[in-house]
Structures are given as C-alpha cells and as structure tokens.
*Asks:* 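This is the structure I want to talk about, given as structure tokens.
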Amino acid sequence: MPELPEVETTRRGIAPLVTGRRVASVVVREPRLRWPVPAALARGLTGQVIRSVERRAKYLLLRTAAGTAIIHLGMSGSLRLAAAADAPGAYDHVDIVFDDATSLRLRDPRRFGAVLWTTKPAEVHPLLQGLGPEPLDGAFDGDALYSRSRGRRAPVKAFLMDSRVVAGLGNIYVNEALHRAGVHPARAAGRISRARYAALARNIRATLEDALTAGGTTLRDFRAADGSPGYFAQRLRVYGREGEPCMRCRAPLRRRVIAQRSSFYCPRCQR
DNA sequence: AGAGGTACCTGGCAGC
DNA sequence: TGCTGCCAGGTACCTC
C-alpha cells in the first residue's frame, strides 16, 4: 500500500515520538519478512538512542550512533507507537521497545516489508545505493527524466516506476501524475519531449505534495502512525475510476494492464 | 543495457 | 453463509 506519501506520512508521525529515545530491546515475533530480520538488528539497536528518522525512497531510516535500522513497509506494512499494555496482534511482527516500555511496532500482514540493520552509512547499502533522485527534492526536474529516457522503448509508466529513475513512485501516483500531465502511460519513454518531461516532473511533484497534505491514500488499510486514515483516495483523478468520466474532458476512463500493473488513463486527453 | 516475467504472502471482495 | 477466483499499494531477481 504505501507509496512515498504514505511512507513520509508515517515518518512524520513517528519521528517526534521516537527521536531521542533509547532502545531497551527488540522483539522479533516473526522474522520471515521479505528478508529474514537479522539478529544483528537487536544486537545493534539495543542500548542505542534514535538520533533521527529519515526517509529515502520508500525506506525509513532510524539512525543511531552505532548504525541504521532500514525499514520498508512493503505492500501492507504500517508502524505505530504501542503502549506497554497493548497486546500485539497476529501481524505485529517486530517491536522496537524503548526504555519506558512503549514500542515502535511493525504490523505487516503480507510480510513483503523488511527490517534490516547496517553499520555503514545507509546510503551505500545495496538497497539504497542505486536509487534515483527524490521527487520532492529541488534537484529533481524534467531534464533528469529526459536524459535518462533517451533510447528507452519501455512504456513511460514502467520507466517512472523504476526506482533508479526516480525514487519512491508507485502505481497509484504514477497513474495520477501521467493523467495530470496529459501523457499516455503506454507511450515509449524515449519518445517524449523535454518539454513534456518538464510538465511530468512538475505534476509528479504536485501529485505527491497534494497527497502528503491529505495524509496519504487509504485504499484498504493504510493508517498513519496515529491511526488516522489518509484522505487522498477521494481526490484520485484516475486510479480505480475505470468507466467514470475524465475530470478534464468527460471521456470514460479506461483500465489496461501496462508493465504488469493496472493502469488507469483517459484515452482522449492523455497522448 | 534494457525489457519482460516471476516470485514472495495474505486479506478482502465480487460473484456464484 | 460459504466457497472460488481474482486482485492488490513493492521490488529484487532471473532470463532473454
């Protein structure tokens, strides 16, 4: 579920609650996530103070003096602060317990998420190393997309979902940004002009910022760290709206699988 | 190098 | 009510 705005919403929710707190223990009830939760996580985190909570793409980074915990929410993960008396549920796989007995609790029914530990700078971790620019950074613009896209015949939708091209864009927001920019999702990435990539970059940024303002998108079960849902689902222009009229031109929206994922678009005003 | 397919795992929902 | 089949927000990894 979580794309960049949901991960960032989570980060903003937990950062003030865990920054400066000391880890007393780590409880791993189910280590079988995307990758096994390493024993080094508990060894490394215990006794450490959380210095900051940062985000790179869809990865959350809990930084300490000894190393960094890397957390990915996968498709169904969520994080919240649990009280000491709060009994864990069946999908509450990992608790990072603080010295006041509250804990940062990872819930992940589908277990596509991950919790890893690195003592090196997180930026050089294999999962983070090849990532493209952050779409909300000032440095991200259409030229970054244009120059990488030359010669690429893959659909622009697949191109934009490649985290080496731009970090953190998932299926929902790619659909939305392409609609806003008037670009057809199946168009070959290498056959889009510099000017249109500039518009696309602007619309990627605007879409993500709007979603952040709304607290993310709750389609099924996304919840922010405080349990509140995201309200961006009501503002989605194309995602999940097959057959409904395009908000711009009233033509019926279509759904089609592109790059193995559902794509929603307007056949009239996306070219 | 790039493109396309597969795999991981489980819940929710539509349709019968 | 219960069963079946389909669908899902991510992404590493494999092959061609």
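A note on names: the letters A, B, ... follow the listed sequences, proteins ahead of strands, and every chain is numbered from 1.
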*Asks:* Kindly point out which of B/dA3, B/dC8, C/dA8 is positioned nearest to the side chain of A/Arg34?
*Replies:* B/dC8
*Asks:* Check the distance between B/dC8's P and A/Asp108's CG and give it to me in whole angstrom.
*Replies:* 16 Å
*Asks:* Among C/dA8, B/dC9, B/dG4, which nucleotide sits nearest the side chain of A/Arg111?
*Replies:* B/dC9
*Asks:* Which part of the nucleic acid, if any, lies within reach of A/Arg152 when heavy atoms closer than 4.0 Å are counted: base, sugar-phosphate only, or nothing?
*Replies:* sugar-phosphate
*Asks:* On a plain distance test, is the side chain of A/Arg110 in donor-acceptor contact with the base of B/dC9 below 3.5 Å?
*Replies:* yes
*Asks:* Looking at A/Arg255, I'd like to know whether one of its side-chain N or O atoms comes within less than 4.0 Å of OP1 or OP2 on C/dA8.
*Replies:* yes
*Asks:* To the nearest angstrom, how far is A/Leu131 atom CG from C/dT11 atom P?
*Replies:* 9 Å
*Asks:* Below the 4.0 Å mark, does B/dC9 have OP1 or OP2 next to a side-chain nitrogen or oxygen of A/Arg32?
*Replies:* no
*Asks:* Ignoring the backbone of A/Trp35, work out which of C/dA8, B/dG4, C/dA12 is nearest its side chain.
*Replies:* C/dA12
*Asks:* Is a side-chain N or O of A/Glu134 found less than 3.5 angstrom from the main chain of A/Leu136, in a donor-acceptor match?
*Replies:* no
*Asks:* Determine whether the aromatic ring centres of residues A/His184 and A/Tyr265 are separated by less than 6.0 angstrom.
*Replies:* yes
*Asks:* In whole angstrom, give the distance that lies between atom CG of A/Leu160 and atom P of C/dG10.
*Replies:* 13 Å
*Asks:* Between A/Ser262 and C/dA8, does any side-chain N or O lie under 4.0 Å from OP1 or OP2?
*Replies:* yes
*Asks:* Can you tell me if A/His72 touches the phosphate of C/dG10, counting only side-chain N or O atoms and a distance under 4.0 Å to OP1 or OP2?
*Replies:* no
*Asks:* Just the rounded figure in Å: distance from C1' of C/dA12 to CG of A/Leu116.
*Replies:* 13 Å
*Asks:* Classify A/Tyr239 by what it touches in the nucleic acid, base, sugar-phosphate, or nothing, heavy-atom distance under 4.0 Å.
*Replies:* sugar-phosphate
*Asks:* Whole angstrom is fine here: how far is it from CD in A/Gln129 over to C1' in C/dA12?
*Replies:* 15 Å
*Asks:* With A/His72, which of A/Phe112, A/Trp35, A/Tyr59 fulfils ring pair (Phe, Tyr, Trp, His ring centres under 6.0 Å)?
*Replies:* A/Tyr59
*Asks:* What is the pairing partner of B/dG15, taking Watson-Crick or G-U wobble pairs with both distances under 3.5 Å in any strand?
*Replies:* C/dC3
*Asks:* Check every strand shown and say whether A/Arg148 touches a base, only sugar-phosphate, or nothing at a heavy-atom separation below 4.0 Å.
*Replies:* nothing
*Asks:* Out of B/dC8, B/dG4, C/dA8, which nucleotide sits closest to the side chain of A/Gln260?
*Replies:* B/dG4
*Asks:* Taking the nucleotide of DNA chain B with the closest heavy atom to each, which residue, A/Phe112 or A/Pro155, is nearer the 5' end?
*Replies:* A/Pro155
*Asks:* Which of parallel (below 30°), tilted (30 to 60°) and perpendicular (above 60°) describes A/Phe264 and A/Tyr239?
*Replies:* perpendicular
*Asks:* Name the nucleic acid region contacted by A/Tyr59, choosing base, sugar-phosphate or nothing; use a 4.0 angstrom heavy-atom cut-off, strictly under.
*Replies:* sugar-phosphate
*Asks:* Kindly check if the number of other-residue, nucleotide or ligand heavy atoms within 6.0 Å of CZ (A/Arg248) is above 12?
*Replies:* yes
*Asks:* Does C/dC16 have a Watson-Crick or wobble mate here (both distances under 3.5 Å), and if so which one?
*Replies:* B/dG2
*Asks:* Whole-Å distance between B/dA7 P and A/Met75 CE?
*Replies:* 15 Å
*Asks:* Would you indicate whether A/Arg164, at its atom CZ, is surrounded by more than 12 heavy atoms from other residues, nucleotides or ligands within a distance under 6.0 Å?
*Replies:* no
